[in-house]
Amino acid sequence: MSNIESQPPFLVFGAPRIEEAEIAEVEACLRSGWLGTGPRVAQFERDFAAWRGARPSQVAAVNSCTAALHVSLVAAGLEPGSEVITTPLTFCATVNAILHAGLTPVLADVDPITQNIDPGAIEAAITPRTRAILPVHFAGRPCAMDRIMAIAEQHDLVVIEDCAHAIETEFRGRAAGTFGDFGCYSFYVTKNVVTGEGGMILGRDEERIARARILALHGMSKDAWHRFSDKGYRHYQVVECGFKYNMMDLQAAIGIHQLARVEQNWLRRRELWQRYDEAFAGLPLGLPAAPEADTRHGYHLYTIMVDEAQCGISRDDFLEAMNAQRIGTGVHYLSVPEHPYYQERFGWRPQQWPNAMRLGRQTVSLPLSPAMSDEDSDRVISAVRTLIKG
């Protein structure tokens, strides 16, 4: 037997759990001839709205969470150059969406325990040009939305919640994404509800959501479904200079059934999370903090902190060693000011946000997916325990 044949299968980081219902729905969609924005997108929007206790007129499906953030920032009607406060411990899309909307990102450091944006740092970052706060519910843990909303109310600021990690997340019995003016969700292939690529906007103001829907499809007053449906051709009017951000029925065909299993998948991820917690309790690793009281963690990313001085191995060497054992890992995230583009454009340096810098340089996300078996998690646990000695 060759060495390749004797190796275990590569454990893909964030591989989604796809079942026969999704496959059959995609096949039915292909056979229907309607692949673009149509009846399945409309159903996915209705299902999502019902699940979040909202009206269908309060949601708009788009092709990514990045698009959702961008469109929400535009639909909020903020004047060009306005400052938007957000976290330095996030994916680049959060900051890029602010820039694409013609606005100015301002970073506020994170709490070292929760790894979410620190409300005290938000207050310190407010200037006369501040117009919005964009909190990110990192790894599935809710931000301190009571304090953030109090700051927003005091200073008359728009709040746009980045819920890419937080579709099931709740803070004091209320769903993430329902506190602010807009909540933006991701259905990317590694997320808790998957459409391959996709996103959703949830908003309080139906007029703003109506505008977001128009902006997401070229600024047209009617979408393709209404133009080409069996009710006859309908003329459209371009009322704004919009974008090409619409979701396809092919994507929604997957999402409809993913959403139907959202609780089941959350329970499985919680089981895997608890297995990791128990297995790593005696190791010199930084482990995720326990969920705060009266919150619901989304259990999206299980991030460990690898401090070379304590673990005897650097974070990057740990990543390489896990890959050598055919286990996929992630880095969520190098802090935003670590990246050359932002350093050159804004003069940012990581040391300005020390908590995010330290976390970004030590973090490793381990595989966590409802598609994983107990045997898969045992492989991860064994590999980590081999590399990190208690």
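Worth saying up front: this structure is predicted, and the values here are computed from it rather than measured.
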| message | Using ring pair (Phe, Tyr, Trp, His ring centres under 6.0 Å), reason through Tyr245 and His70 one step at a time and then give a plain yes or no. | response | CA-CA 10 Å; Tyr245 284 163; His70 182 196; 5.7 Å; yes

| query | Can you list the steps and then say if Arg31 with Glu27 is a salt bridge (charged side-chain N to carboxylate O under 4.0 Å, His left out)? | reply | CA-CA 6 Å; Arg31 294 186 185 282; Glu27 181 181 359; 2.9 Å; yes

| task | Before giving the answer on ring pair (Phe, Tyr, Trp, His ring centres under 6.0 Å), spell out for His218 and Phe243 the whole-Å C-alpha distance, their side-chain angles and the decisive distance to 0.1 Å. | result | CA-CA 5 Å; His218 301 296; Phe243 314 98; 9.5 Å; no

| message | As a quick check of understanding, evaluate salt bridge (charged side-chain N to carboxylate O under 4.0 Å, His left out) for Arg385 and Asp378, giving each step before the final call. | response | CA-CA 10 Å; Arg385 293 185 67 86; Asp378 287 342; over 6 Å; no

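Within a 6.0 Å sphere centred on CZ of Phe91, heavy atoms belonging to other residues, nucleotides or ligands number 12 at most. For Asp374, the CG atom counts as densely surrounded, since its 6.0 Å shell holds more than 12 non-hydrogen atoms of other residues, nucleotides or ligands. In the displayed structure, Glu207 atom CD is contacted under 6.0 Å by at most 12 heavy atoms of other residues, nucleotides or ligands. Counting heavy atoms of neighbouring residues, nucleotides and ligands inside a 6.0 Å radius, atom CD of Gln351 exceeds 12 of them.
Contact record, Pro56 with Arg213: O-NH2, 3.8 Å, taken as the closest heavy-atom pair. Looking at every heavy atom in both residues, His297 comes nearest to Pro291 through CB-CG, 4.0 Å. Between Ala253 and Cys29 the shortest heavy-atom distance is CB-CB, 4.4 Å. Here the closest heavy-atom approach between residue Ala356 and residue Val110 is recorded as N-CG2, 3.9 Å. Closest heavy-atom contact between Ala383 and Met322: CB-SD, 3.8 Å. Shortest non-hydrogen contact noted between Thr303 and Gln115 is OG1-OE1, 4.0 Å.
In summary, the side chains of His332 and Ser365 do present a donor paired with an acceptor at a separation below 3.5 Å, with no hydrogens or angles considered. Looking at Asp376 and Ser373, their side chains do bring a donor and an acceptor atom within 3.5 Å of each other. Side-chain contact, Arg141 with Thr114: no donor N or O sits under 3.5 Å from an acceptor N or O.
Side chain of Ser335 to main chain of Gly360: no donor-acceptor pair is present (N/O by atom type, distance under 3.5 Å, no hydrogens or angles). Proximity of a side-chain donor or acceptor of Arg40 to a complementary backbone N or O of Leu35 within less than 3.5 Å is not detected. Judged by distance alone, the side chain of Ser186 and the main-chain N or O of Cys65 form no donor-acceptor pair under 3.5 Å. Remark: side-chain polar atoms of Gln58 are paired, donor with acceptor, to backbone N or O of Gly203 under 3.5 angstrom. When atom types are taken as modelled, the side chain of Arg315 and the backbone of Thr363 share a donor-acceptor pair closer than 3.5 angstrom. Not one N or O on the side chain of Asn265 forms a donor-acceptor pair closer than 3.5 Å with the backbone of Pro370. Remark: the backbone N or O of Ala93 is not paired with any side-chain donor or acceptor of Thr66 at under 3.5 angstrom.
Within the 4.5 Å cutoff, the side chain of Ile148 has heavy atoms near those of the Ile122 side chain. In this structure, the side chains of Leu250 and Leu30 come closer than 4.5 Å at one or more pairs of heavy atoms. Put simply, the side chain of His155 does not reach to within 4.5 Å of the side chain of Thr130, judged on heavy atoms. The side-chain heavy atoms of Asn116 and Val136, taken from C-beta on, include no pair separated by under 4.5 Å. Counting heavy atoms from C-beta on, the side chains of Tyr302 and Leu287 come closer than 4.5 Å. Taking the side chain as every heavy atom from C-beta outward, Glu320 and Asp316 never approach each other to under 4.5 Å. Inter-residue side-chain proximity for Ile388 and Gln310 is flagged as unmet; no heavy-atom pair is nearer than 4.5 Å. Within the 4.5 Å cutoff, the side chain of Ile98 has heavy atoms near those of the Leu73 side chain.
Annotation: salt bridge (Lys or Arg N to Asp or Glu O under 4.0 Å) contacts involving residues 70-82, sequence neighbours excluded, comprise Glu79-Arg131. Applying the salt bridge (Lys or Arg N to Asp or Glu O under 4.0 Å) test to pairs two or more places apart or on separate chains, those with a residue in residues 158-170 are Glu168-Arg269. Listed by first and then second residue, the salt bridge (Lys or Arg N to Asp or Glu O under 4.0 Å) pairs involving residues 183-195 amount to none (not counting sequence neighbours). Screening residues 254-263 for side chain to side chain donor-acceptor pair (under 3.5 Å) gives Glu22-Gln258, Glu22-Arg261, Glu25-His257, Glu263-Arg296 as the qualifying pairs, with residues at least two apart or on separate chains. Within the structure, salt bridge (Lys or Arg N to Asp or Glu O under 4.0 Å) contacts touching residues 113-129 (residues at least two apart or in different chains) are Glu83-Arg129.
Hydrophobic cluster membership for Phe10: Val12 (Ile, Leu, Val, Met, Phe, Trp, Tyr linked by side-chain heavy atoms under 4.5 Å, directly or transitively). Membership of the apolar cluster around Tyr188 extends to Val189, as traced through chained side-chain contacts below 4.5 Å between ILVMFWY residues.
Rounding to the nearest 0.5 Å gives a distance of 11.0 Å between CD of Gln362 and OG of Ser314. Between the CG atom of Asp109 and the CD1 atom of Ile117 there is a distance of 9.0 Å, given to the nearest 0.5 Å. Expressed to the nearest 0.5 Å, how far CG of Asp181 lies from CG of Leu202 amounts to 11.0 Å. Atom-to-atom distance recorded for Met248:CE and Thr37:OG1 is 8.0 Å, nearest 0.5 angstrom. A distance of 10.0 Å separates CG of Leu11 from CG of Leu366, quoted to the nearest 0.5 Å. Atom CD1 in Ile381 sits 6.5 Å away from atom OH in Tyr276 (nearest 0.5 Å).
A cation-pi arrangement is found for Arg174 relative to Phe179, the charged atom lying closer than 6.0 Å to the ring centre and inside a 45° cone about the ring normal.
Every residue was checked against the ring-ring contact (aromatic ring centres under 6.0 Å, His included) condition with Tyr342, not counting sequence neighbours, and none meets it. Residues satisfying the ring-ring contact (aromatic ring centres under 6.0 Å, His included) criterion with Phe44, sequence neighbours excluded, are Phe187. For Tyr341, there are no ring-ring contact (aromatic ring centres under 6.0 Å, His included) partners at least two apart in sequence or on another chain. Every side-chain hydrogen bond (donor to acceptor under 3.5 Å, both in side chains) that Tyr333 has, sequence neighbours left out, goes to His165.
Residue Val336 forms a side-chain contact (heavy atoms from CB on, under 4.5 Å) with just one option from Thr90, Asn96, Thr94, and that option is Thr90.
Ring-plane geometry between Trp348 and Trp353 is classed as perpendicular, the angle between the planes exceeding 60 degrees on a 0 to 90 degree scale with a lower cut at 30.
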Donor-acceptor contacts under 3.5 Å from residues 48-55 side chains, at least two apart:
| residue | atom | partner | partner atom | Å |
| --- | --- | --- | --- | --- |
| Arg52 | NH1 | Ile167 | O | 3.0 |
| Arg55 | NE | Glu206 | OE2 | 2.5 |
| Arg55 | NH2 | Glu206 | OE2 | 2.7 |

